[in-house]
2 protein chains.
Amino acid sequence: MLSGRASDRAYETLRREILQWRLAPGTVLGEVEQSTRLGISRTPLREALSRLTADGLVEAQSGRGLVVAQVSPAAVSELFELREALETAASALASERRDPGEFARLADDFDGAAALVEQGELEAYYALVERFDDAIDESLGNPYLVGALRGVRTHLQRIRRLSQDDPARLVRAAAEHRTIAEAIRDGDAELARSATRIHLRASLRHIQANPRLEASEPKESA
Amino acid sequence: MLSGRASDRAYETLRREILQWRLAPGTVLGEVEQSTRLGISRTPLREALSRLTADGLVEAQSGRGLVVAQVSPAAVSELFELREALETAASALASERRDPGEFARLADDFDGAAALVEQGELEAYYALVERFDDAIDESLGNPYLVGALRGVRTHLQRIRRLSQDDPARLVRAAAEHRTIAEAIRDGDAELARSATRIHLRASLRHIQANPRLEASEPKESA
DNA sequence: GGGGCCGTCTGTGTATACAAACGGCCCCTT
DNA sequence: AAGGGGCCGTTTGTATACACAGACGGCCCC
């Protein structure tokens with residue numbers, strides 16, 4: 001059912017499991033163990049691990065082989081520094097290249113997003129954010145920049161699970177997104193940049209203020 | 001001689017050859033062909049190609065397998081957009097975290113760099129730039145940001161070969177670097193950001209004004 | 001003479017077998 | 001009893017053999 005290559009399936013499966021915390025940070029990824037579990041041989045599994053390492057989701061631990069990359073409060077701050085650099089630039093550039101209609105629609109949708117959140121339709125809200133990200137990517141028309149953004153968003157998915165969905169924060173985030181979308185719609189690059197920075201700083205502060213980071217020690221599988 | 005793993009050697013070798021244009025953009029990288037040439041089996045070669053693909057130096061071509069990534073004027077502009085986003089942020093952050101002595105020394109060295117260039121000591125000049133980049137990376141203390149910068153610099157090495165070393169431009173670039181180093185030394189984040197932007201725009205304009213881009217057709221390796 | 005179909009053939013994708021390195025553990029020595 | 005050295009087991013790294021898919025060319029039919 002899933003696409004042809006075993007290495008692709010292994011990559012997608014492991015990636016999903018890591019992002020969903022089904023594979024916790026520090027988990028040792030033995031080649032034999034994982035290839036057996038996924039029903040493939042070591043060869044395609046190794047390719048999958050290689051790609052995950054390139055993504056930064058898997059790290060080499062001193063002598064112990066590969067483990068799921070750790071997450072620490074410091075890493076979150078560092079990731080957000082990169083994120084701010086990329087997304088402020090992306091918003092500014094998108095302002096100059098966007099399809100105004102698309103972002104007008106997004107601004108309207110974010111206007112109604114508070115209702116979504118308050119009705120518990122979190123999936124719908126996250127889908128809207130994803131549509132927003134896609135619209136920016138498409139406006140940019142820059143594979144290098146989009147690729148860097150993708151990498152950051154990957155890590156963000158894992159971090160998002162640190163602070164559970166807080167409806168109050170999401171309502172505010174929706175308003176911030178709306179401001180960004182309006183600025184891009186109006187072609188106001190500097191305003192888009194500022195609005196993006198404000199949104200990211202608020203997001204980071206929220207995550208830091210809700211530290212669900214259990215000190216994830218490198219642990220042996222039980 | 002070169003470090004233990006065959007896949008590492010293959011990766012380093014191919015990477016160097018691509019960056020030095022010994023493997024031209026569009027060159028088809030057949031697995032059997034390359035593994036034979038490098039004296040290894042297909043398994044480690046495939047791992048090396050996988051990493052090069054993650055780096056963006058190798059791309060999958062529709063049905064033809066893997067080829068050395070193309071370089072186009074559009075790609076150069078796009079790369080510089082990403083570069084500006086990253087390096088302006090890096091300079092600003094480095095200004096807040098730097099060791100002032102280190103950047104004072106760098107500023108002095110860039111002051112003398114015009115002499116280096118005019119004496120044809122280009123290697124010494126490039127080594128100085130590398131020392132500058134390393135000093136910024138170390139100041140940042142942010143693996144995510146440093147990793148993104150590394151990726152951009154990799155592609156830049158290949159692009160640099162497009163416009164041959166122009167001493168007049170390098171002398172001006174040295175002065176621009178000096179300005180950046182001084183701003184970082186003084187902890188002036190906004191000045192560092194502006195100086196970096198100026199430097200990058202000038203660099204891009206120079207490359208675009210000296211188009212040595214032969215239309216690199218996909219060609220078979222000889 | 002042109003177009004479509006089939007066979008072949010080159011190349012990638014996967015599995016497995018083999019080799020070497022690393023760590024852990026026990027035993028021996030002092 | 002503590003430290004060091006050697007042995008064994010496990011795990012990774014590499015090579016090779018096999019399977020399958022896509023591309024190219026020839027041949028036949030229209």
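Chain letters run A, B, ... following the sequence lines, proteins first and then strands; every chain starts at 1. All values derive from a computational prediction rather than experimental measurement. Below, all heavy atoms of this structure are taken into account, side chains as well, without hydrogens, waters or symmetry copies.
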For this session: Determine which nucleotide pairs with dA17(C), using a 3.5 Å limit on both distances of a Watson-Crick or G-U wobble pair.
Result: dT14(D)

For this session: Rounded off to whole Å, could you give me the CD-to-P distance for the E31(A) and dT10(D) pair?
Result: 16 Å

Exercise. Under 4.0 Å between a side-chain N or O of T43(A) and OP1 or OP2 of dT16(C)?
Worked result: no

For this session: Write down the distance between CD (E47(B)) and P (dT14(D)), rounded to a whole number of angstrom.
Result: 7 Å

Seminar exercise, completed: Which of dT14(C), dT12(D), dT14(D) is nearest the side chain of V32(A)? It is dT12(D)

For this session: Please report the C-alpha distance between R37(B) and E17(B) in whole Å, then the side-chain angles of each, then the deciding distance to 0.1 Å, and finally whether the salt bridge (Lys or Arg N to Asp or Glu O under 4.0 Å) criterion is met.
Result: CA-CA 13 Å; R37(B) 183 171 71 90; E17(B) 290 177 342; 2.8 Å; yes

Exercise. Knowing that exactly one of E87(A), E84(A), E176(A) qualifies, which makes a side-chain hydrogen bond (donor to acceptor under 3.5 Å, both in side chains) with H199(A)?
Worked result: E176(A)

Exercise. Looking at dA15(D), dA15(C), dG13(C), which one has an atom nearest to any side-chain atom of I40(A)?
Worked result: dA15(C)

Exercise. Taking the six-membered ring of F103(A), is NZ or CZ of R98(A) closer than 6.0 Å to its centre and within 45° of its axis?
Worked result: no

Problem set entry | Side chain R42(A) and base dG13(D) donor-acceptor under 3.5 Å | yes

Problem set entry | Nearest-Å distance for atom pair CG/C1', residues L38(B) and dA15(D) | 15 Å

Exercise. Just how far, in rounded Å, is C1' of dG13(C) from CZ of R51(A)?
Worked result: 13 Å

Exercise. Among T43(A), L38(A), L45(A), whose side-chain contact (heavy atoms from CB on, under 4.5 Å) with S41(A) holds?
Worked result: T43(A)

Problem set entry | Any-strand Watson-Crick or G-U partner of dC28(C), both distances under 3.5 Å | dG3(D)

Seminar exercise, completed: Quick note, R46(A) side chain, CB onward, closest among dT14(C), dT12(D), dA15(D) is dT12(D)

For this session: Measure from CZ on R5(A) to P on dC20(D) and round the result to the nearest Å.
Result: 17 Å

Seminar exercise, completed: L29(A) atom CG is separated from dT11(D) atom P, nearest whole Å, by 13 Å

Seminar exercise, completed: In whole angstroms, the gap separating P of dT14(D) from CZ of R9(B) amounts to 8 Å

Seminar exercise, completed: Here the distance between atom C1' of dT12(C) and atom CG of L49(B), to the nearest Å, is 12 Å

